[in-house]
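All values reported here derive from a predicted model rather than from experimental measurement.
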Amino acid sequence: MEDNRAGWKNAKHANQWATTLEKYAYPHIGYTSFADITTKMIVDLLRPIWVEKAETANRLRGRIQTVLDWAKV
């Protein structure tokens, strides 16, 4: 997240980035090795959020993708 902070609009945006990952992603995959994270794991954590908060789920999906892309490098 620190690498992306300069491109964020403001402190609120940075806080939202961290909060959504902490609230929704970490409980499911937070302690999982990058190499062990599967598409099914991501879909399973996003599925219940899509029903209630589609915009949050979409943003979370993008944030997870950014983190995983960074981890590949």
Side-chain angles (χ1 to χ4, degrees):
M1 286 189 290
E2 289 303 317
D3 290 346
N4 287 323
R5 191 171 300 277
W8 293 334
K9 297 175 187 174
N10 55 47
K12 180 181 175 185
H13 187 89
N15 185 53
Q16 289 172 334
W17 234 87
T19 300
T20 54
L21 288 171
E22 289 169 1
K23 183 175 181 177
Y24 299 109
Y26 292 175
H28 297 275
I29 60 171
Y31 295 102
T32 306
S33 169
F34 166 73
D36 294 333
I37 296 174
T38 66
T39 300
K40 182 182 181 328
M41 293 168 81
I42 303 301
V43 170
D44 287 347
L45 79 87
L46 288 173
R47 184 172 282 123
I49 305 166
W50 280 112
V51 175
E52 298 290 324
K53 304 172 186 175
E55 184 63 30
T56 298
N58 188 47
R59 289 179 181 165
L60 177 60
R61 186 214 45 81
R63 291 169 184 165
I64 292 169
Q65 181 177 353
T66 298
V67 171
L68 294 177
D69 287 347
W70 182 89
K72 278 190 232 180
V73 174

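- Applying the salt bridge (Lys or Arg N to Asp or Glu O under 4.0 Å) rule to D69 yields the partners K72; only residues at least two apart in sequence or on another chain are considered.
- Among pairs with a residue in residues 23-32, none fulfils salt bridge (charged side-chain N to carboxylate O under 4.0 Å, His left out), at least two apart in sequence or across chains.
- Annotation: the span from D44 atom CG to I29 atom CD1 amounts to 11.0 Å, rounded to 0.5 Å.
- V67 and V43 are members of different hydrophobic clusters when ILVMFWY side chains are connected at heavy-atom separations under 4.5 Å.
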**Request:** Applying side-chain contact (heavy atoms from CB on, under 4.5 Å), run through L60 and L45 and close with a yes or a no.
**Result:** CA-CA 10 Å; L60 177 60; L45 79 87; 3.9 Å; yes

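- Every pair passing salt bridge (charged side-chain N to carboxylate O under 4.0 Å, His left out) that includes a residue from residues 50-60 is listed here, sequence neighbours excluded: E55-R59.
- Across D36 and M41, no two heavy atoms sit closer than the pair O-SD, 3.4 Å.
- Nearest heavy-atom pair, Y24 versus T56, reported as atom, atom and distance to 0.1 Å: CE1-CG2, 3.7 Å.
- Pairing each heavy atom of A57 with each of L46, the nearest pair is O-CD2, 3.7 Å.
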